[in-house]
Structures are given as C-alpha cells and as structure tokens.
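For the single chain, residues carry numbers from 1 onward in sequence order. FYI, side chains are in, hydrogens and waters are out, and symmetry mates aren't considered; it's all heavy atoms of this structure. Note that this is a predicted model, so its numbers are computed, not measured.
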Amino acid sequence: MNDTVLQYLLVAVVLLPLLGAGGALLPAPPGLKGKNPDQAVLRHGVTITGAVLALTIALAAGFDHGHPAKMQASTDISWIPALGIRIHLGIDGISLPLLVLTALLTFLCALYSYFKMPEGPSPKAFVALLLLLESGTLATFAVLDLMLFFLAFEMVLIPMYFLIARWGGAGRERSALRFILYTLLGSVIMLLGLLLIGLKAGTFDMVALATDSSHAGRHLSHTTQLIAALAIGLGLAIKAPMWPLHSWLPDAHTSAPTVGSVLLAGVLLKMGTYGFVRIVLPITPGAAHTYAPYLAAFAVIGIIYGSLACLALARGGSGGDLKRLIAYSSVGHMGFVLLGIASLTATGVNGALFANIAHGLITGLLFFLVGALKDRYGTSDLDTLAGHTGAALYGKAPRLGGLLAFAAVASLGLPGLAGFWGEMLAMFGAFKPAAGLHRGAYLTFTAIAAFGTLLTAAYLLVVVRRVNMGERETADAPQPVLADIQTYEFAAWTPLVALTVLAGLWPAVLLGLTDPAVRTLLGGN
C-alpha cells in the first residue's frame with residue numbers, strides 16, 4: 001500500500017477517537033437516537049471504536065511486512081519550532097501489534113458496555129472518556145517525539161481516573177485518587193528526564209536519537225544518560241508496574257468497572273514497558289547497561305511477590321477478591337516482561353514484547369470473566385464464589401467454567417497458548433544476557449523466574465478448582481442452573497480466545513514483526 005495512504009490511515013486512527021469523544025457529548029442526530037438517548041450514545045461508542053479497529057486492521061494489512069524495522073506511515077511536521085518539537089508519527093514492527101491490541105480491546109469493551117453498561121452517571125460521559133482513553137493510548141504507541149510521547153502518556157490518566165471514580169465499585173474514589181497521584185508523580189519525574197535528553201542532544205526526535213548513534217553519543221555523556229534513564233525509568237516503572245512501585249494497581253483494578261480493568265491491564269500497563277523498549281534502550285544504551293541488573297532484580301522479586309500474594313488470596317478463608325488476585329498476577333506477569341527487557345538481548349526483548357501482547361489478550365479475558373461472575377453473584381469474593389452457595393461453574397454454567405479454565409491455563413503459560421512464548425523467551429534472554437552483564441547473576445534471576453512459573457500454576461489451578469468445582473459439599477449437592485455465557489459476552493470474548501490460540505500455535509506472526517525492529521533498536525545485537 002502507498003505510504004501516503006498509510007500516513008493518512010495512521011493519522012485517522014489517532015484522531016478519530018478524539019473526534020468521537022467530542023461527538024459523544026453532542027445530541028444524537030435525528031434517525032440515530034434509537035430507543036433512548038443512552039442507547040444512542042452507547043451505539044456511537046461501538047461505531048467509532050469499530051471504525052478505529054477497521055482502520056487499524058487496514059493499516060496492518062498495508063504495512064510492509066518485509067521491512068518491519070523501517071518506520072512506516074510517517075508524518076513529520078513542525079509544531080513548536082522554538083522548542084524543536086514536531087508532530088512526528090510512525091509505526092514499525094514494535095508499535096503495530098500494540099496499536100491493533102488497543103483498538104481491539106477498546107472495541108470489545110464498547111461492545112460489552114452497549115449490553116452491560118456499568119452502574120453510574122450518564123453514558124455520554126462514559127463513552128466520551130472511553131474514546132479519549134483510546135486516543136491517548138493509540139497516540140502513545142504512534143508518536144516519535146519525546147514531548148508528544150509525554151503528552152500522550154499523560155492524556156490517558158484523567159479518563160481512567162474518572163472511569164474508576166464514577167463507574168467503579170466500593171472504594172472507587174480512594175482507588176482513583178491513589179492511581180492518579182502515583183502516575184502523576186512518576187510522570188513529572190519522567191518529564192525531567194525527557195527534557196534533559198532533548199536539551200542535551202538538541203532534538204526530541206526519537207528516531208534520530210535512536211538511529212544516529214554518533215549523534216547520540218556525541219551529545220549524551222554517560223552521566224547524562226544515567227540521570228535521564230533513571231528519571232524516565234521511574235516514571236515508566238510505575239506504569240509498568242514494577243515492584244515495589246506497584247501498590248496502586250490492586251486497588252485500582254478491584255474498584256474499576258469491568259471494562260476499566262480490561263483496558264488498564266490490557267493496554268495501559270503496556271505503555272510503561274513500551275517506553276523502556278522505545279526510549280531507554282536505544283537512546284540511553286550506556287545507562288541501560290548499567291541499570292539492567294537492578295531492573296532484572298526488581299523484575300524477579302515482582303514475579304515471586306505477585307505469585308505469593310495471589311497464593312495468599314486464593315487460599316480458603318482468606319477473604320481474597322478474585323479481581324484483586326488477577327491484579328497481583330499482573331505484577332508477576334509484567335515482571336517477566338521487565339526481565340526480558342533487562343537482558344538487553346534480541347531474544348529477551350522479543351519475549352518481552354510477545355508477553356506484552358499475550359498478557360493483554362489473556363488478562364483482558366480474565367477480567368471480562370470475573371466481571372461476568374460479579375454481575376451474576378454481586379461479588380467477586382473468592383470465598384463466596386467457592387462456598388456452599390457459590391459458583392461451582394462446571395455444574396451451573398459449564399461454558400463459563402470452561403472458559404475460565406482456558407484463560408487460567410493460558411495465563412500460567414501452557415505450551416500451545418500465547419502465554420507460553422513470551423515468558424520462555426524472556427527467560428532464554430536472561431539465561432544468556434548481553435555482553436558485559438554478569439552471567440552468574442542472570443542465571444540466578446532465570447532460576448528465580450522459573451520458580452515463579454510454578455507458583456503461577458499453583459495459584460491459578462487453586463482458583464479454577466475452587467470457583468469451578470466449589471467446596472466438596474457444593475459439588476455433591478444438586479446444582480441450580482446459572483446463566484451461562486450470553487450472546488453479547490460470546491461476541492466480546494471470542495476474539496480474545498481465538499487470538500490466544502493463534503499466537504500460541506503460530507508465534508512467528510508476531511515475532512516476525514518485532515525481531516527485525518528490535519535488532520535495529522539494539523544496534524544489531
């Protein structure tokens with residue numbers, strides 16, 4: 001496809017949700033009002049997100065898959081000449097899968113909300129915030145200017161804050177406030193690092209900084225790289241989230257509405273790890289090499305910590321919340337992503353990017369399923385769901401139970417499903433890290449991460465046994481019929497199941513995109 005056409009497609013993908021957010025606040029045109037104004041605005045959300053998904057698929061189809069390391073669909077025009085800030089957009093094999101994932105998950109959330117709108121204020125504001133969130137997330141993965149990256153990175157915070165605070169569950173205002181305070185603090189620190197790079201290098205252009213090694217090396221001393229990478233890394237680590245900067249995440253997930261949790265886990269966490277790959281590794285390579293062992297250490301601590309927290313929540317009588325458990329599981333899964341990045345090898349970084357996409361698909365599905373259970377039972381308390389009057393899904397709603405078991409085994413990394421490849425490649429990368437990194441330390445990190453996979457399997461299998469089979473008395477008693485998967489749920493969840501299987505059976509589709517781009521960013525290593 002002509003690059004000019006791709007350029008217009010990418011601009012449309014970023015701007016259409018933003019225009020749609022404004023349109024959601026306007027009165028519905030005559031003939032499109034439906035049965036009531038609420039239905040009209042929810043239909044508007046489905047239409048806009050569906051159009052964005054279609055444009056993203058067209059962009060992916062027209063992408064030159066033979067040269068995924070080349071920046072394509074580029075737009076580069078001056079915006080603030082005095083500061084050297086440009087409106088620079090483009091995609092390569094690293095950002096394209098994240099664009100498609102974002103567009104897909106947002107469309108599925110809009111479709112799900114059309115039939116199951118979360119309790120709260122007017123749907124107008126809900127749809128407008130959902131579209132604003134989509135626009136900011138898509139822009140984060142498409143912009144190639146450090147200042148634009150910061151603006152897009154910040155753009156998603158306010159919509160997510162209000163989605164949690166206005167449409168969330170118990171404790172929503174406190175959780176939303178904690179979310180915004182943590183992420184804003186990290187963003188302020190990150191901004192200082194971005195400004196330092198831009199002012200010292202004389203440009204904010206991410207492509208120039210990443211590809212012209214002589215330019216970057218001439219203008220960024222090792223000390224500058226260390227300071228900038230530390231500031232940027234802290235901001236990205238909070239969003240990732242990396243232990244011990246993760247504590248905002250469980251509360252935010254527990255209180256968020258179902259679609260808020262899906263988008264928070266599915267795409268917002270990926271913004272942090274994407275920033276490490278797009279900015280820290282290629283622009284501050286010396287600092288990345290210095291900090292890599294510490295990043296790997298925090299990553300494996302997060303893997304073990306997240307798994308042990310999940311085991312504690314899964315234990316009978318602990319009063320654990322299933323949404324909170326899945327939130328803590330994200331800390332562990334994103335630990336594998338950070339470990340792969342910290343290896344500084346093409347194998348590890350490819351594994352990290354693959355695990356990013358797999359986590360978005362699988363954890364998005366898990367949050368959808370927990371939301372469905374909460375809708376049916378009015379609670380996501382694990383003891384209640386497993387108790388005498390609990391779910392016992394295999395007997396009451398076998399399709400829902402089967403899908404929960406599928407998502408759980410995909411999350412624990414069963415070979416043949418998407419969750420397997422990313423974590424395996426991340427550990428392979430850590431097993432043989434980049435030259436100059438301490439091999440013994442990384443072998444220890446790899447062993448700890450491998451032990452974490454066993455803990456992951458343990459808590460997920462406990463959850464499946466308790467929720468799907470119930471307590472012994474529940475299993476033996478006659479089981480009343482529970483509403484099984486509804487048509488709209490089937491429509492929203494099937495793409496996630498299909499892509500989880502496809503990515504597991506045919507990983508080359510994704511790795512073929514990311515590998516050349518990763519090797520280019522790492523300087524051919």
Side-chain angles (χ1 to χ4, degrees), residues 49 52-53 56-57 60 93-112 134 137-138 141 240 253 258-274 323 326-327 329-337 340 350-372 400 402-426 456 460 485 489-514:
T49 56
V52 172
L53 177 59
T56 309
I57 292 173
I94 293 172
S95 51
L96 180 62
L98 290 166
L99 281 177
V100 176
L101 176 68
T102 300
L104 173 65
L105 286 177
T106 311
F107 169 69
L108 297 180
C109 286
L111 180 65
Y112 187 85
E134 179 180 33
T137 310
L138 290 169
F141 299 135
H253 271 308
T258 296
V259 294
S261 292
V262 170
L263 292 176
L264 182 58
V267 293
L268 262 68
L269 303 188
K270 313 303 177 284
M271 294 164 62
T273 51
Y274 172 79
K323 286 189 75 175
I326 297 172
S329 78
S330 291
V331 176
H333 287 305
M334 298 310 288
F336 283 100
V337 176
N350 276 306
L353 294 171
F354 197 103
N356 256 345
I357 301 299
H359 180 264
L361 297 171
I362 297 167
T363 306
L365 177 60
L366 280 169
F367 275 118
F368 269 133
L369 292 169
V370 176
L400 188 59
L403 199 52
L404 178 64
F406 168 84
V409 297
S411 185
L412 64 82
L414 184 73
L417 298 176
F420 171 73
W421 295 105
E423 295 182 1
M424 183 192 71
L425 289 173
T456 301
L460 284 168
I485 297 177
E489 294 172 331
F490 181 81
W493 302 343
T494 298
L496 301 179
V497 175
L499 289 172
T500 298
V501 174
L502 178 64
L505 296 178
W506 197 11
V509 173
L510 186 55
L511 293 173
L513 279 174
T514 62

Please output the side-chain donor-acceptor pairs of residues 353-361 that fall under 3.5 Å, not counting sequence neighbours, one pair per line with the distance.
residue : atom : partner : partner atom : Å
Asn356  : OD1  : Thr273  : OG1          : 3.2
Asn356  : ND2  : Thr273  : OG1          : 2.9
His359  : ND1  : Lys270  : NZ           : 2.9
His359  : NE2  : Ser330  : OG           : 3.1
His359  : NE2  : Thr363  : OG1          : 3.1

For Leu400 and Trp493, run side-chain contact (heavy atoms from CB on, under 4.5 Å): C-alpha distance rounded to whole Å, both residues' side-chain angles, the deciding distance at 0.1 Å, then the answer.
CA-CA 11 Å; Leu400 188 59; Trp493 302 343; 3.9 Å; yes
According to the side-chain hydrogen bond (donor to acceptor under 3.5 Å, both in side chains) rule, which pairs have a member within residues 412-422, sequence neighbours left out?
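Non-adjacent pairs meeting side-chain hydrogen bond (donor to acceptor under 3.5 Å, both in side chains): zero.
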Any pair with a residue in residues 499-509 that passes side-chain hydrogen bond (donor to acceptor under 3.5 Å, both in side chains), sequence neighbours left out, goes on the list, sorted by first then second residue, please.
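Listed once each, the pairs would be none.
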Assess whether side-chain contact (heavy atoms from CB on, under 4.5 Å) is satisfied between Leu425 and Leu511, documenting all intermediate values.
CA-CA 11 Å; Leu425 289 173; Leu511 293 173; 4.0 Å; yes
Heavy-atom pair with the smallest gap, counting every atom of [X] and [Y]:
X	Y	value
Glu134	Ala103	OE2-CA, 3.8 Å
Val409	Leu412	O-CG, 3.3 Å
Leu369	Ala407	CD1-CB, 3.9 Å
Leu414	Phe420	O-CB, 3.6 Å
Ile362	Gly419	CD1-N, 3.6 Å
Ala491	Leu111	CB-CD2, 4.1 Å

Return the set of residues passing side chain to side chain donor-acceptor pair (under 3.5 Å) with [X] (not counting sequence neighbours), or none when no residue passes.
X	value
Thr514	Asn350
Glu423	His333
Thr258	none

Could you pull out every donor-acceptor pair under 3.5 Å between side chains of residues 259-267 and any protein atom, sequence neighbours left out?
residue : atom : partner : partner atom : Å
Ser261  : OG   : His253  : O            : 3.2
Ser261  : OG   : Lys323  : NZ           : 3.3

Spacing of [atom1] belonging to [X] relative to [atom2] belonging to [Y], to within rounding of 0.5 Å:
X	Y	atom1	atom2	result
Leu513	Ser95	CG	OG	10.0 Å
Phe107	Leu104	CZ	CG	8.5 Å
Thr102	Leu268	OG1	CG	8.5 Å
Leu101	Leu96	CG	CG	11.0 Å
Thr137	Leu99	OG1	CG	10.5 Å

Are any non-hydrogen side-chain atoms of [X] and [Y] less than 4.5 angstrom apart?
X	Y	value
Val337	Met334	yes
Leu105	Leu496	yes
Leu366	Leu404	yes

For side-chain contact (heavy atoms from CB on, under 4.5 Å), just list the numbers for Phe141 and Ile94, CA-CA rounded to whole Å, side-chain angles, deciding distance to a tenth of an Å, and then say yes or no.
CA-CA 9 Å; Phe141 299 135; Ile94 293 172; over 6 Å; no
Counterpart residues, ring-ring contact (aromatic ring centres under 6.0 Å, His included), relative to Tyr112 (two or more places apart):
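Once residues adjacent in sequence are excluded, the partners of Tyr112 under the ring-ring contact (aromatic ring centres under 6.0 Å, His included) criterion are Phe368, Tyr488.
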What residues form a side-chain contact (heavy atoms from CB on, under 4.5 Å) with Ala426, not counting sequence neighbours?
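Once residues adjacent in sequence are excluded, Ala426 has no partner under the side-chain contact (heavy atoms from CB on, under 4.5 Å) criterion.
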Donor-acceptor check, side chain of Thr56 to backbone of Val52, threshold 3.5 angstrom: yes or no?
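Checking the backbone N and O of Val52 against the side chain of Thr56, a donor-acceptor pair under 3.5 Å is found.
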Verify, without hydrogens or angle tests, whether Ser329 (side chain) and Ile326 (backbone) share a donor-acceptor contact under 3.5 angstrom.
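Looks like yes, one N/O pair under 3.5 Å.
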